[in-house]
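Each remark here refers to the structure printed beneath this line.
The structure presented is a predicted model; accordingly, all values stated were derived computationally and were not measured.
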Amino acid sequence: MARLPRLVLPGQAHLLIQRAIDRQPIFEDAEDLALLTEVLRLALVDEQVQLHAYALRTQELLLLATPAQPQSLARLMQTIGRRYVSAFNRRHGRGGTLWNGRFRAAPVEPGEPLLAAMAWIEQDAEPGAATSAAHHLGSGRDPLVTDPPAYWSLGNTPFAREAAWRERLSRGSTSAQDARLRRAARGGWALGSAGFIAVAGAGGRPAAPRAPGRPARCDADS
């Protein structure tokens, strides 16, 4: 079966997942992580991508990002690959890629679906990981992050928004939510309401998996 083209909607947020190859670490120490963060910052500017949330984990990158152009996400990840992976390889005396295939991405509807994806990304207790949670909890301004309108709708003051977000993160996520988000990103399926999914798929590329079973047969003589 031919691989579907990546579904990218300029001006809409997307959940991106990039896994490490063979469970190798994407970064090994604070110096690697600082370099990855700086490369990401520069690539966001160069490729005109807004980043709303992130988790830089030892074996995967999770991003919630809005591209300005259809190819902006691909160029973002290519830029990270060129700049960071080559530097990482030189520093650690290795060769080849860090990535397990191409990155996966799913368009996310504004509002509650976006907040759900954002919370899932920031609920990261992995030691050594870097996330955008501190930014949204008021612990410090993160230059990588552009707050989406959905986050601003949580309260009229920074204190109110931070308190609402702290309560949201404290709820945690379920294994079912984790599976749903990863399944959508892996398949490139849109995350959101039926209306959003219909609009996302209006260009011809399916935005949701096909319902199980064979399509109904239409008999011309019936």
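Between the CG atom in Leu35 and the OH atom in Tyr84 there is a gap of 6.0 Å [rounded to 0.5 Å]. With rounding to the nearest 0.5 Å, the separation of OG in Ser139 from CZ in Arg166 is 7.0 Å. Separation of atoms CD (Gln18) and CG (Asn100) is listed at 8.0 Å; rounding is to 0.5 Å. Taken to the nearest 0.5 Å, the NE2 atom of His135 stands 11.0 Å off from the NE2 atom of His52. Taking CG of Leu51 as the reference point, atom CG of Leu44 lies at 5.5 Å (rounded to 0.5 Å). The distance from the CZ atom of Arg102 to the CZ atom of Arg6 is 4.5 Å, given to the nearest 0.5 Å.
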Could you walk me through whether Thr66 and Thr146 pass side chain to side chain contact (heavy atoms under 4.5 Å, CB included), step by step? CA-CA 10 Å; Thr66 295; Thr146 300; over 6 Å; no
Evaluate salt bridge (Lys or Arg N to Asp or Glu O under 4.0 Å) for Glu31 paired with Arg91, printing each intermediate quantity in order. CA-CA 10 Å; Glu31 186 173 340; Arg91 183 166 186 251; 2.9 Å; yes
Begin from the C-alpha positions of Phe88 and Asp32 and carry the test side chain to side chain contact (heavy atoms under 4.5 Å, CB included) through to its verdict. CA-CA 7 Å; Phe88 179 90; Asp32 286 342; 3.3 Å; yes
I would like to know whether Leu61 and Trp99 meet side chain to side chain contact (heavy atoms under 4.5 Å, CB included); could you show each step before the answer? CA-CA 10 Å; Leu61 308 181; Trp99 312 132; 3.7 Å; yes
Dump the intermediate steps for side chain to side chain contact (heavy atoms under 4.5 Å, CB included) on Leu62 and Tyr54, then the final yes or no. CA-CA 5 Å; Leu62 305 178; Tyr54 67 88; over 6 Å; no
Steps toward salt bridge (Lys or Arg N to Asp or Glu O under 4.0 Å) verdict (Glu167, Arg171): CA-CA 7 Å; Glu167 192 278 330; Arg171 293 185 228 157; 3.1 Å; yes
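Under the 4.5 Å side-chain contact rule for hydrophobic residues, Leu73 and Leu144 share a cluster. Under a hydrophobic-cluster definition in which Ile, Leu, Val, Met, Phe, Trp and Tyr are linked whenever side-chain heavy atoms come within less than 4.5 Å, directly or via other members, Leu76 and Phe27 are assigned to the same cluster. Note: the hydrophobic cluster containing Val145 does not contain Leu114 (ILVMFWY, side chain heavy atoms under 4.5 Å, direct or indirect links). In the hydrophobic clustering of ILVMFWY residues, with side-chain heavy atoms under 4.5 Å counting as a link, Leu64 and Leu154 come out together. Linking Ile, Leu, Val, Met, Phe, Trp and Tyr residues whenever their side-chain heavy atoms come within less than 4.5 Å places Val108 and Leu169 in a single cluster.
In this structure a side-chain-to-backbone donor-acceptor pair under 3.5 Å is present from Gln123 to Ser173. Between the side chain of Glu47 and the backbone N or O of Ser72, no donor-acceptor pair lies under 3.5 Å.
A pairwise comparison of heavy atoms in Trp165 and Leu115 identifies CH2-O, 3.6 Å as the closest pair. Of all heavy-atom pairs between Val8 and Pro10, the closest is O-CD, 3.6 Å. Heavy atoms only, all atoms of each residue included: Pro148 and Met118 are closest at CG-SD, 4.1 Å. Nearest heavy-atom pair, Ala185 versus Ile17, reported as atom, atom and distance to 0.1 Å: CB-CD1, 3.8 Å. Nearest heavy atom pair, residue Asn89 against residue Gly96, reads ND2-O, 2.8 Å. When every heavy atom of Leu98 is checked against every heavy atom of Pro25, the shortest pair comes out as CD2-O, 4.0 Å.
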Please table the atom pairs, donor to acceptor, closer than 3.5 Å between any side-chain atom in residues 186-199 and protein atoms at least two apart or in another chain.
from	atom 1	to	atom 2	distance (Å)
Ser193	OG	Glu109	OE1	3.1
Ser193	OG	Glu109	OE2	3.1
Ser193	OG	Phe196	N	3.2

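Side-chain contact between Met77 and Leu16 is present, with heavy atoms from C-beta onward closer than 4.5 Å. For the pair Ile26/Leu56, no side-chain contact is recorded, criterion being any heavy-atom separation below 4.5 Å from C-beta on. Looking only at side-chain heavy atoms (C-beta outward), Val49 and Leu63 stay at 4.5 Å or farther from each other. Between Tyr151 and His136 the shortest side-chain heavy-atom distance falls below 4.5 Å. Using a 4.5 Å cut-off on side-chain heavy atoms (C-beta onward), Pro107 and Leu7 make contact.
Judged by distance alone, the side chains of Thr131 and Glu122 never bring a donor and an acceptor atom under 3.5 Å apart. A side-chain N or O of Gln24 and one of Arg94 form a donor-acceptor pair less than 3.5 Å apart.
Surrounding CD of Glu38 are more than 12 heavy atoms belonging to other residues, nucleotides or ligands, all under 6.0 Å away. Within 6.0 Å of atom CD in Gln48, 12 or fewer heavy atoms from other residues, nucleotides or ligands are found, so the atom counts as exposed in its surroundings.
Applying the salt bridge (charged side-chain N to carboxylate O under 4.0 Å, His left out) test to pairs two or more places apart or on separate chains, those with a residue in residues 59-69 are Arg19-Glu60, Arg57-Glu60, Glu60-Arg182. Pairs of residues two or more places apart, or lying in two chains, never qualify as salt bridge (charged side-chain N to carboxylate O under 4.0 Å, His left out) while including a residue from residues 141-155.
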